[in-house]
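Residue numbers start at 1 and run along the sequence shown.
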Amino acid sequence: MAAVLRAHWQRLRKGEALPRRDEFAPRELAPVLSSMFLIEGTERGAARFLIAGRVLCALYGMELRGAPLALLFEPAARGEIAGIVAAMSEDPATVDLTLRAGQSTGRPALLARMTLLPLANRAGTRDLAIGTMEVSTPFMESAPLWPNGEFGQAPRRFGIERCLRGPLRAGGADAPEPPPRGVPLLRLVE
């Protein structure tokens, strides 16, 4: 899902310029619309949802339009996500987050990958980002839960396990920096 959005976003870039919100063609993104969202930075450094797909709304258990992005995060991670979004406005970069929601009664453990891609608004300011959120269980990382599975009792909140920022390159493939040498790419699940 993230690859579909990222490819569309990349096609809309003109040199170093960020794509504008009004340039996106929802019809071309139909397969991933349920997991997509659009956020806008606020004056206080936070972000709020302008649009949130069904996956995100199901995770929280309500419509998220106008709600803070921080609602999807555990209290301990809210400052970090606010900092990540604020940094995107000042120094645009692609961001890939690895997220985890713990297991509790009525709530299975969840893994998620959130991708954030910076956008410009009509005035040219960089206070928007478009993204996707793919959710799975730790035992089935390659099999997304939505729309055939359950996220457990809402609301679900995530902690941030890893944040990869990818610099924007003119006309090049923007991708997060690879993990440093010695960092395992696979983890053992017992």
What closest approach, in Å, do [X] and [Y] show between heavy atoms, and which atom pair accounts for it?
{"X": "Ile39", "Y": "Ala47", "value": "CD1-CB, 4.1 Å"}
{"X": "Ala93", "Y": "Met88", "value": "O-CE, 3.6 Å"}
{"X": "Leu128", "Y": "Ala120", "value": "CD1-O, 4.1 Å"}
{"X": "Leu33", "Y": "Pro26", "value": "CD1-O, 3.9 Å"}
{"X": "Arg107", "Y": "Pro155", "value": "NH2-O, 3.4 Å"}
{"X": "Ala52", "Y": "Cys57", "value": "O-SG, 3.7 Å"}

- Any sub-3.5 Å donor-acceptor pair from Arg65's side-chain atoms to Leu50's backbone N or O? yes
May I ask you to test the [X]-[Y] pair for a side-chain heavy-atom distance under 4.5 Å?
{"X": "Leu59", "Y": "Leu64", "value": "no"}
{"X": "Leu97", "Y": "Ile84", "value": "yes"}
{"X": "Arg156", "Y": "Pro108", "value": "yes"}
{"X": "Leu71", "Y": "Phe49", "value": "no"}
{"X": "Phe24", "Y": "Leu119", "value": "yes"}
{"X": "Met133", "Y": "Ser35", "value": "no"}
{"X": "Asp96", "Y": "Arg6", "value": "yes"}
{"X": "Thr115", "Y": "Leu5", "value": "no"}

- Qualifying residues under side-chain hydrogen bond (donor to acceptor under 3.5 Å, both in side chains), relative to Arg157, sequence neighbours excluded: Tyr60
- Message: Holding to side-chain hydrogen bond (donor to acceptor under 3.5 Å, both in side chains), I want the full list of residues that pass it with Arg48, two or more places apart in sequence or in another chain.
- Response: Glu40
Working to the nearest 0.5 Å, report the span between [atom1] of [X] and [atom2] of [Y].
{"X": "His8", "Y": "Leu117", "atom1": "NE2", "atom2": "CG", "value": "11.0 Å"}
{"X": "Leu38", "Y": "Ile51", "atom1": "CG", "atom2": "CD1", "value": "5.0 Å"}
{"X": "Arg100", "Y": "Arg162", "atom1": "CZ", "atom2": "CZ", "value": "11.5 Å"}
{"X": "Arg21", "Y": "Leu12", "atom1": "CZ", "atom2": "CG", "value": "14.5 Å"}
{"X": "Thr94", "Y": "Leu164", "atom1": "OG1", "atom2": "CG", "value": "9.0 Å"}
{"X": "Phe73", "Y": "Ile81", "atom1": "CZ", "atom2": "CD1", "value": "4.0 Å"}

- How would you list all residue pairs meeting side chain to side chain donor-acceptor pair (under 3.5 Å) that involve residues 70-84, not counting sequence neighbours? none
- Taking it one step at a time, do Leu29 and Trp9 satisfy side chain to side chain contact (heavy atoms under 4.5 Å, CB included)? CA-CA 10 Å; Leu29 297 168; Trp9 178 83; over 6 Å; no
